[in-house]
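Within every chain, numbering begins at 1; the chains are lettered A, B, ... in the order of the sequence lines, protein sequences first and strands thereafter.
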2 protein chains.
Amino acid sequence: MNQHIQAVPLEKAYRLLNHGPTVLVSARHDGIDNVMAAAWACALDFAPPKLTVVLDKSTRTRELIEASGEFVIQVPTVRLLQLTHEVGTRSRASEPDKLDVSGVALFRLGDSGMPFVVGCSAWLVCRLVPEPHNQQAYDLFIGEVTAAWADERVFRDGHWNFEAADPGWRSIHHIAGGHFYAIGEAMQARIDPET
Amino acid sequence: MNQHIQAVPLEKAYRLLNHGPTVLVSARHDGIDNVMAAAWACALDFAPPKLTVVLDKSTRTRELIEASGEFVIQVPTVRLLQLTHEVGTRSRASEPDKLDVSGVALFRLGDSGMPFVVGCSAWLVCRLVPEPHNQQAYDLFIGEVTAAWADERVFRDGHWNFEAADPGWRSIHHIAGGHFYAIGEAMQARIDPET
């Protein structure tokens, strides 16, 4: 395991998604790994940390999650822009070698046995909270975060540090087609401006 | 109405939220307007466009939405950073003049009669899709977008144009406390790199 990857306390895990990055979703069942991209992922609760993610019925990754009840949400970086586009537009159903063609390298972390994508800035292991109506009617899945990690070169002590990290670590935010924006400048609101 | 505010076709409305900005949620019932901030808002579907937003039980805005069945999700800008922080930390329950103190100016758009926050870059009018279990168990609300507008100075012809617009138009992405990031550099993935 990369020495820079450190556990994130669960009470800080929401911060990994709070700024709305596009994420990669990975899952494993019966020896099959898969990875997809999702722009529609969002924090849902602080403690225990939960999140939502929208998974289209056509995706193989969704099938793996429904079968295994587990998945990983991870935050790709500017360096993984093309990889994110590839895993977001290719399907393992028609391309069994999707992961190789897309340039995905996987590693394992902790004792979950789940597939983690190399080069991301943060990883959240989730247990599916079954809500069949949401899944069927809206393609909406709820996960409870059971463990989280981040690369200390860009997230440390509970804080993103995009402003000091190499620009290759910035999160990416998808709009449509191949068009993304990287996260930008840090901004600080005045706390209690009247005091 | 500001001449720069133009209707966004419903099939492009998801793009207003796809990059994960922190939003303002406004609602009106029985002559009472309110506005809150929400980092946990996310697109849910393309056609008809739907979105999710997490609304804590303590918020007055949630009460207005439950009573009226309508709300507006709008995208604040760097210029509205402090306003976003104020409406996200003050409550109308304890401060009846919350909107004035926070510097919120409202206007009406279209025939909805709903409160729109002046200075945002985009506005999505939503009809609440009642899902009592989600609302009660997860504070999770689903809206169907029935109309959308954007300021053409930063969103035009279905595309954000942060790279050419004044930097004050950038969306803001909340992490925690008073800490935000503005959206940054545009990035383009190669389409069909093998062809």
Side-chain angles (χ1 to χ4, degrees), chain A residues 12 14-15 17-22 39-45 50-54 78 81-82 84-86 88-89 101 129 131 133-134 137-140 142 158-160 162-163 167 170-194, chain B residues 12 14-15 17-22 39-45 50-54 78 81-82 84-86 88-89 101 129 131 133-134 137-140 142 158-160 162-163 167 170-194:
Chain A
K12 300 286 174 63
Y14 77 93
R15 296 184 181 184
L17 293 182
N18 218 67
H19 62 305
T22 292
W40 297 354
C42 191
L44 176 65
D45 207 349
K50 293 193 193 79
L51 54 79
T52 55
V53 60
V54 179
V78 163
L81 178 77
Q82 191 66 34
T84 302
H85 175 72
E86 298 299 328
T89 53
V101 171
V129 178
E131 287 287 358
H133 170 66
N134 285 337
Y138 301 113
D139 297 335
L140 180 67
I142 295 176
H159 296 282
W160 287 105
F162 295 117
E163 50 273 48
R170 288 173 293 168
S171 56
I172 56 177
H173 300 247
H174 187 233
I175 302 292
H179 190 48
F180 294 77
Y181 287 94
I183 200 66
E185 186 183 356
M187 308 235 148
Q188 186 67 42
R190 297 185 308 277
I191 306 291
D192 296 324
E194 296 173 304
Chain B
K12 300 287 174 63
Y14 76 94
R15 297 184 180 185
L17 293 182
N18 218 67
H19 62 306
T22 291
W40 298 354
C42 191
L44 176 66
D45 207 349
K50 294 193 193 76
L51 54 79
T52 55
V53 61
V54 179
V78 163
L81 178 77
Q82 192 64 35
T84 301
H85 174 72
E86 298 300 329
T89 52
V101 171
V129 178
E131 288 285 358
H133 170 65
N134 285 336
Y138 302 113
D139 296 337
L140 180 66
I142 294 176
H159 296 281
W160 287 106
F162 295 117
E163 51 272 49
R170 288 173 293 167
S171 55
I172 57 177
H173 300 249
H174 187 233
I175 302 292
H179 190 48
F180 294 77
Y181 288 94
I183 199 66
E185 186 184 355
M187 307 237 150
Q188 185 70 41
R190 297 185 307 278
I191 307 292
D192 295 325
E194 295 174 304

Interchain contact, [X] with chain A, by part (heavy-atom threshold 4.5 Å):
X	result
B/A137	neither
B/F162	both
B/N134	side chain

Of the listed residues ([options]), which shares the most heavy-atom pairs with chain A below a 4.5 Å separation?
options	result
B/G20, B/A186, B/A182	B/A182
B/P21, B/C42, B/A43, B/P167	B/A43
B/I142, B/I172, B/L17, B/L51	B/I142

Backbone N or O of [Y] within a donor-acceptor pair of the [X] side chain at under 3.5 Å?
X	Y	result
A/Q188	B/F180	no
B/Y138	A/D45	no
A/E185	B/G184	no

Pick out which of B/H85, B/H179, B/R170 makes a side chain to side chain contact (heavy atoms under 4.5 Å, CB included) with A/M187.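 Only one option passes, and that is B/R170.
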Would you indicate whether the side-chain heavy atoms of [Y] and [X] approach each other to under 4.5 Å?
X	Y	value
B/L140	A/L140	yes
A/E131	B/H133	yes
A/R15	B/H174	no

Check: A/H173 ring centre within less than 6.0 Å of B/H173 ring centre: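 Close enough - the centres of the two rings lie under 6.0 Å apart.
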Nearest-0.5 Å distance that lies between atom OG1 in B/T89 and atom CD1 in A/I191: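 With rounding to 0.5 Å, OG1 (B/T89) is 7.5 Å from CD1 (A/I191).
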Rounded to the nearest 0.5 Å, what separates atom CH2 in B/W160 from atom OH in A/Y181?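 Those atoms lie 9.0 Å apart.
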Using every non-hydrogen atom in the two residues, find where B/A39 and A/N18 come nearest and quote the distance to one decimal.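 Heavy-atom minimum between the residues: CB-ND2, 3.6 Å.
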For A/H159, is it the side chain, the backbone, both or neither that has a heavy atom under 4.5 Å from a heavy atom of chain B?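 Neither the backbone nor the side chain of A/H159 comes within 4.5 Å of chain B.
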Among A/T22, A/V129, A/I183, single out the residue with the greatest number of heavy-atom pairs under 4.5 Å to chain B.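 The candidate making the most pairs under 4.5 Å is A/I183.
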